[in-house]
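Quick caveat: nothing in here was measured; it's all calculated off a predicted structure.
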Amino acid sequence: MLKIGLTGGIASGKSLVSARLRELGAVLIDADALAREVVEPGSPGLAGVMAEFGEDIVDAEGRLDRARLGAIVFAEPDRREALNAIIHPRVREKAAAMLATAKPGDIVVQDIPLLVETGQGSSFHLVLVVDAPDEERIRRMTEIRGMTVKDAVSRMAAQASRDERLAAADIVLDNSARPEDVTALVDTLWEERLAPFARNLAAGRPAPRSGGPVLSPPNPGWPVQAERLLARIRRASPEVLGADHIGSTSVPGLPAKDIIDLQVNVSSLEAADRIARDLGEAGFPLREASARDTPKPPDLDPSAWQKRFHCNADPGRPANVHVRVLGSPGWRYALLFRDWLRANPDAVGMYAAMKQELAAQHASDGRTLAYAEAKEPWFTEVAWPLMDAWASRSGWQPPSYSVAQR
């Protein structure tokens, strides 16, 4: 199934988006609704709240006095943490039970107001943030909900900042205008990205690609996007011994195809085969079960350059995942090449010029294979002597990995 984490600041209009996604066919798991459910009269959750905040936190009918509780927790961060410790585990347990009933091909949307604050982003294939400017949210809270400006600002301050939410987002939906405008955005998102992504996942196939090499200007957002993908990969399996952003999109200032390359470290090719299904479920289905890099100095034995190759099933974010054995020649070359470029602006300029020349030659190709093959002699004849000399001068060593870095 495709798992979407939906979030947004208070008064951003998240409920409108979740309602439209449900109308389009999504399975909706609403954390706010579950949070109310776990503190119903007679529930263990309500008993826990009463033990922490006192018996006067319920009204005459034995129901939680939400206004009284809200006034306490939004004024005192420590008390808010105590409440979260009671509520969040119970909400997650109920959400997990609902998630377990979803079927392959379903699009499951988990509406979680504190998704960013609780660090749950890597649990989802995509994080969708509903966004509106702070001043618009304050207007909605004061004019529609009847809050004072002070209360509205206090509620906003108790959540992640707008910048923090945007940094965690794979997709941002602007809800600063009319409701019908954001509804139209949701419809387009569903048709062009979410539904195809779900179909690809269910079929166990990467998103299709076509066309020749098109180089994009350097994008400072590439490393941020890569890190979100890496976080999902690292939690996919305990046999993932680390993962890195490699390739042209990992080098500041370098034009590149808008395809993020990631390297996954494993102990053996057998381990690579064992995690293939886990990576597929995380959104990166296997593309080539027995792939091989072109051998490069100093080790030209073709058998040492084997790998497994996965690609993103998300049509909105092309990504290649190279699963290589930790310490293998291909693993080492990828990291050394990246770090050499990062440390040498002249090398970046030289590589960029070569890429642009070959991209122009292969612009009319229907695929990028010929472009990739045409670059290979440069890696061996030009790049290798320079990067090997730089490694010797600088004392470069590849990074080491521990279980904590997975």
Novice: Please give me the minimum heavy-atom distance between Pro252 and Arg342, naming the atom from each residue.
Specialist: CD-CG, 4.2 Å
Novice: Under 6.0 Å between ring centres: does that hold for Phe337 and Tyr351?
Specialist: yes
Novice: Quick one, Arg308 and Arg324 - any side-chain contact, counting heavy atoms below 4.5 Å?
Specialist: no
Novice: Quick one: does any side-chain atom of Asn200 pair with a main-chain N or O of Ala313 as donor and acceptor, under 3.5 Å?
Specialist: yes
Novice: Please examine the side chains of Lys296 and Pro329, heavy atoms only from C-beta on, and report whether any two atoms are closer than 4.5 Å.
Specialist: no
Novice: Examine Arg79 relative to Phe53 and say whether NZ or CZ is less than 6.0 Å from the centre of the six-membered ring and inside a 45° cone about the ring axis.
Specialist: yes
Novice: Surrounding NZ of Lys94 (heavy atoms of other residues, nucleotides or ligands, distance under 6.0 Å), is the total greater than 12?
Specialist: no
Novice: Does a sphere of radius 6.0 Å around CZ in Arg277 hold more than 12 heavy atoms from other residues, nucleotides or ligands, not counting ones at 6.0 Å or beyond?
Specialist: no
Novice: Is the closest side-chain donor-acceptor distance between Trp222 and Asp258 under 3.5 Å?
Specialist: yes
Novice: Within the structure provided, determine whether Leu262 and His310 are in side-chain contact (heavy-atom separation under 4.5 Å).
Specialist: no
Novice: To the nearest 0.5 Å, what is the distance between CG on Leu28 and CG on Leu6?
Specialist: 8.0 Å
Novice: In Å and rounded to the nearest 0.5 Å, what is the NZ to CD distance from Lys3 to Glu281?
Specialist: 8.0 Å
Novice: If you measure from the Lys or Arg side-chain nitrogens to the Asp or Glu carboxylate oxygens, is any gap between Asp134 and Arg162 under 4.0 Å?
Specialist: no
Novice: Would you indicate whether the side-chain heavy atoms of Ile4 and Phe124 approach each other to under 4.5 Å?
Specialist: no
Novice: With distance as the sole test, does Asp388 use its side chain to make a donor-acceptor pair with the main-chain N or O of Trp384 at under 3.5 Å?
Specialist: no
Novice: For the CD atom of Glu381 and the CD atom of Glu376, what is their distance to the nearest 0.5 Å?
Specialist: 11.0 Å
Novice: Minimum heavy-atom separation for Pro255 to Ala352, with atom names?
Specialist: CD-CB, 3.9 Å
Novice: Run the salt bridge (Lys or Arg N to Asp or Glu O under 4.0 Å) test on Glu23 and Arg20 for me, step by step, so that the C-alpha distance in whole Å, both residues' side-chain angles and the decisive distance to 0.1 Å come before the verdict.
Specialist: CA-CA 5 Å; Glu23 291 172 355; Arg20 183 56 182 163; 2.8 Å; yes
Novice: Shortest non-hydrogen contact from Ala236 to Asp278?
Specialist: O-CB, 3.6 Å
Novice: Main chain of Val38, side chain of Ser43: is a donor-acceptor contact present, judged purely on distance under 3.5 Å?
Specialist: yes
Novice: We want to know whether Ser216 and Lys257 form a side-chain donor-acceptor pair, criterion being a heavy-atom distance below 3.5 angstrom.
Specialist: no
Novice: For the CD atom of Glu135 and the OG atom of Ser176, what is their distance to the nearest 0.5 Å?
Specialist: 9.5 Å
Novice: Within the 4.5 Å heavy-atom criterion, are Thr142 and Thr148 side-chain neighbours or not?
Specialist: no
Novice: So does Arg63 have more than 12 non-hydrogen atoms from other groups sitting under 6.0 Å from CZ?
Specialist: no
Novice: Answer yes or no on whether Lys307 is positioned over the face of Phe309, meaning its NZ or CZ is under 6.0 Å from the six-membered ring centre and within 45° of the axis.
Specialist: yes
Novice: Answer with yes or no whether the side chains of Asp163 and Ser161 bring together a donor and an acceptor at under 3.5 Å.
Specialist: no
Novice: Could you measure the distance from the CD1 atom of Ile246 to the CG atom of Leu336? Nearest 0.5 Å is fine.
Specialist: 12.5 Å
Novice: Would you call the rings of Trp396 and Trp390 parallel, tilted or perpendicular, taking 30° and 60° as the class edges?
Specialist: tilted
Novice: Are the side chain of Thr7 and the backbone of Pro113 linked by a donor-acceptor contact shorter than 3.5 Å?
Specialist: yes
Novice: Applying side chain to side chain donor-acceptor pair (under 3.5 Å), run through Arg235 and Ser123 and close with a yes or a no.
Specialist: CA-CA 8 Å; Arg235 68 174 293 145; Ser123 300; 3.3 Å; yes
Novice: Between Asn219 and Thr249, is there a side-chain heavy-atom distance shorter than 4.5 Å?
Specialist: no
Novice: Check whether Asn344 reaches the backbone of Leu341 with its side chain - one donor and one acceptor, N or O, closer than 3.5 Å.
Specialist: no
Novice: Within the 4.5 Å heavy-atom criterion, are Val182 and Asp174 side-chain neighbours or not?
Specialist: no
Novice: Quick test of your reading of the model: are Arg317 and Asp170 salt-bridged, counting only N-O distances below 4.0 Å?
Specialist: no
Novice: For the side chain of Asp65 and the backbone of Arg68, is there at least one donor-acceptor N/O pair under 3.5 Å apart?
Specialist: yes
Novice: Is there a side-chain contact between Ile107 and Phe197 in this structure, where contact means two heavy atoms from C-beta onward sitting under 4.5 Å apart?
Specialist: no
Novice: Check Arg140 with Glu136, please: is the shortest side-chain N to carboxylate O separation under 4.0 Å?
Specialist: yes
Novice: To check you understand the geometry: which heavy-atom pair defines the closest contact between Asp261 and Gly247, and what is its length?
Specialist: CB-CA, 4.4 Å
Novice: Side chains of Ser237 and Glu239: is there a donor and an acceptor less than 3.5 Å apart?
Specialist: no
Novice: Quick check: does any side chain N or O of Ser12 sit under 3.5 Å from a backbone N or O of Gly9, one acting as donor and the other as acceptor?
Specialist: yes
Novice: Under 3.5 Å, is there a donor-acceptor pair between the side chain of Asp106 and the main chain of Ala102?
Specialist: no
Novice: Can we say Arg234 and Glu227 salt-bridge, meaning some charged N sits less than 4.0 Å from an Asp/Glu carboxylate O?
Specialist: yes
Novice: Please determine whether a side-chain nitrogen of the Lys or Arg among Arg165 and Asp131 lies less than 4.0 Å from a carboxylate oxygen of the Asp or Glu.
Specialist: no
Novice: Just wondering, are more than 12 heavy atoms of other shown residues or ligands nearer than 6.0 Å to CD in Glu40?
Specialist: yes
Novice: Show the nearest heavy-atom pair for residues Val116 and Ala168, with the distance to one decimal.
Specialist: CG2-CB, 3.9 Å
Novice: Take atom CD in Glu52; do more than 12 heavy atoms of anything else shown fall under 6.0 Å from it?
Specialist: yes
Novice: Donor-acceptor pair, distance only, cut-off 3.5 Å: does the side chain of Asn312 make one with the backbone of Asp314?
Specialist: yes
Novice: Rounded to the nearest 0.5 Å, what's the gap from CD1 on Ile10 to CE on Met156? Could you check?
Specialist: 9.0 Å
Novice: Ignoring hydrogens, what is the shortest heavy-atom contact between Val251 and Arg338? Give both atom names and the distance.
Specialist: CG2-O, 4.2 Å
